Amino acid sequence: MKNLTYLTCFFLLFTISAKAQYTEVINSNRPGNSVSAFSVGKNVIQGEAGFLFEKREHDLLRTSSNLKSGEFAVRYGFLFEQLEIIWNGTFTNQNITDNSTSPAYKYSRTDFTQNTVGLKFLVFDPFKNPETNKPNLYSWRANNRPQWSDLIPAVALYAGMNMNFGDNPYYPTESTVSPKVMLATQNHISWNWVLVSNLIYDKFTEDDPMFSYIITLTHTLKNPKYSIFAEHQGFKSDAYGDGLFRLGGATLINKDLQLDFSIGLNTKDTPSRFLAGMGISYRLDYHEDEFKKVDNVSKQEKKALRKQKKRQRKNNSFKGLDN
């Protein structure tokens with residue numbers, strides 16, 4: 001019975017993967033910060049939102065702050081199954097205490113710390129050809145052991161722009177619009193393990209561009225409604241460098257609704273950071289499967305038919321000479 005359950009889950013994953021983009025259950029980028037290689041699917045509108053609390057302590061500057069942020073993402077698949085447009089942002093209120101003065105000086109700032117619109121397109125899908133990804137109907141072991149093909153990731157490219165309107169206290173010297181590009185990969189290591197990686201080059205037309213990466217490992221539990229994840233994110237620019245680690249989980253309420261939570265911390269004290277968040281993802285599913293002509297004739301049968309037609313043409317030509 002256990003093997004039958006695992007095999008059923010494998011068939012479900014295979015069915016989802018063969019469609020390349022659209023999945024029967026919601027495909028959310030939350031609760032991690034990485035972006036999956038696959039889109040939500042054509043004619044699917046998806047919203048992802050959350051609340052994030054962060055505590056910072058800067059030992060060198062002797063400052064402390066509390067940040068309360070509202071995160072959102074709106075994703076829409078259009079034109080092609082591989083394409084989606086994404087608008088995502090974070091609106092933050094930060095209360096800062098400067099302990100280097102006596103008495104301590106307190107102040108706050110509020111605005112967007114992220115406000116980006118972009119397009120993501122899947123350029124390579126290792127599951128595109130279902131013939132090369134058929135499950136073994138006779139061996140659970142063959143279906144679940146590591147395969148060399150699991151090392152081949154799906155690959156997507158993202159291009160977008162950061163929007164910095166008004167007098168933003170977080171980015172007072174930056175341009176109104178700046179570019180952002182990303183390479184996103186996704187490996188299905190097994191039916192219940194997925195590895196997502198992002199390489200991001202952000203605001204590279206500004207004086208202080210940011211390079212970052214994100215690696216997220218997600219594990220689906222025995223009850224497939226529940227999943228957990230571990231994530232590492234690194235930042236590097238002239239003004240700031242850091243590494244963040246996050247842990248969390250998600251649960252499916254139904255096929256279109258997901259709830260999530262996460263916690264995180266960094267590896268330094270300039271500043272030290274502790275984060276905790278929770279969120280929700282919901283989709284409006286207007287996707288319709290595209291019908292494709294099915295060719296049930298094998299290559300060997302096609303070859304035999306071509307030979308037969310060639311013989312028929314040759315025989316007809318001899319009959320013409322006899323007449």
Side-chain angles (χ1 to χ4, degrees), residues 1-41 44 46 48 50 73 75 122 125-128 130 133-137 139-156 184-198 214-233 245-264 277-283 285 287:
M1 179 61 71
K2 183 178 180 180
N3 290 353
L4 179 60
T5 302
Y6 285 165
L7 190 58
T8 302
C9 292
F10 180 86
F11 289 154
L12 175 61
L13 176 63
F14 173 76
T15 303
I16 291 173
S17 299
K19 293 181 180 179
Q21 301 298 292
Y22 175 77
T23 55
E24 296 297 332
V25 298
I26 188 170
N27 170 26
S28 176
N29 288 326
R30 293 189 61 87
N33 277 27
S34 62
V35 174
S36 68
F38 295 102
S39 77
V40 292
V44 173
Q46 185 163 307
E48 303 170 7
R75 304 168 62 188
L122 183 76
D125 180 6
F127 303 106
K128 186 175 182 179
N133 292 280
K134 283 185 176 180
N136 189 325
L137 300 179
S139 173
W140 175 90
R141 181 181 177 83
N143 289 327
N144 288 272
R145 69 185 179 186
Q147 306 285 342
W148 284 109
S149 58
D150 296 333
L151 300 177
I152 303 174
V155 179
T185 67
Q186 183 166 334
N187 293 78
H188 288 262
I189 302 172
S190 67
W191 72 267
N192 60 349
W193 288 96
V194 176
L195 179 67
V196 174
S197 301
N198 294 167
I214 309 175
I215 302 172
T216 307
L217 183 63
T218 302
H219 175 57
T220 301
L221 303 181
K222 288 185 178 181
N223 183 340
K225 288 186 176 181
Y226 301 97
S227 63
I228 56 177
F229 85 100
E231 180 176 274
H232 172 57
Q233 182 175 12
F245 293 89
R246 298 184 184 89
L247 297 171
T251 177
L252 284 172
I253 304 303
N254 57 52
K255 68 183 185 69
D256 297 318
L257 178 63
Q258 172 188 287
L259 301 180
D260 64 75
F261 71 94
S262 64
I263 58 173
M278 58 188 302
I280 185 171
S281 302
Y282 181 74
R283 70 175 181 177
D285 186 359
H287 183 271

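What's counted below: heavy atoms across the whole structure, side chains too, no hydrogens, waters or symmetry copies. Just so it is clear, the structure is predicted and the values come from calculations on it, not from any experiment.
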What residue pairs, at least two apart or across chains, pass salt bridge (charged side-chain N to carboxylate O under 4.0 Å, His left out) with a residue in residues 188-197? none

Heavy-atom closest pair, residues Pro224 and Leu252: O-CD1, 4.4 Å

The reported gap from OG1 in Thr220 to CH2 in Trp191 (rounded to nearest 0.5 angstrom) is 6.5 Å

Residues that Ile214 engages under side chain to side chain contact (heavy atoms under 4.5 Å, CB included), provided they are two or more places apart: Asn33, Ser34, Asn198, Ile200, Thr216, Glu231, Gln233

Gln258 and Ile26: which non-hydrogen atoms are nearest, and at how many Å? CB-CG2, 4.1 Å

List for me each residue that meets ring-ring contact (aromatic ring centres under 6.0 Å, His included) alongside Phe261, sequence neighbours excluded, and say none if there are none. none

Kindly write out the residues that satisfy side chain to side chain donor-acceptor pair (under 3.5 Å) with Gln46, not counting sequence neighbours, or none if the list is empty. Glu48

What pair of heavy atoms forms the shortest contact from Ala37 to Ala154, and how long is it? CB-O, 3.8 Å

As a quick check of understanding, evaluate side-chain contact (heavy atoms from CB on, under 4.5 Å) for Thr218 and Val196, giving each step before the final call. CA-CA 8 Å; Thr218 302; Val196 174; over 6 Å; no

What residues, two or more places apart in sequence or in another chain, satisfy side chain to side chain contact (heavy atoms under 4.5 Å, CB included) together with Tyr282? Asp256, Leu257, Leu284

Ser36 meets the side chain to side chain contact (heavy atoms under 4.5 Å, CB included) criterion, sequence neighbours left out, with Asn27, Asn29, Arg75, Lys120, Gln186

Here the pair of heavy atoms bringing Phe229 nearest to Pro31 is CE2-CG, 3.3 Å

Looking at every non-hydrogen atom in both residues, tell me the closest pair between His287 and Gly41 and how far apart they are. CD2-C, 4.3 Å

Search all heavy atoms of Asn192 against all heavy atoms of Ser190 and return the closest pair with its distance. OD1-OG, 2.9 Å

Roughly how far, to the nearest 0.5 Å, is CG of Leu217 from CD1 of Ile228? 9.0 Å

Pairing residues for His219 by the ring-ring contact (aromatic ring centres under 6.0 Å, His included) criterion, not counting sequence neighbours: Trp193

Can any side-chain N or O of Asn223 pair as donor or acceptor with the backbone N or O of Lys225 at less than 3.5 Å? yes

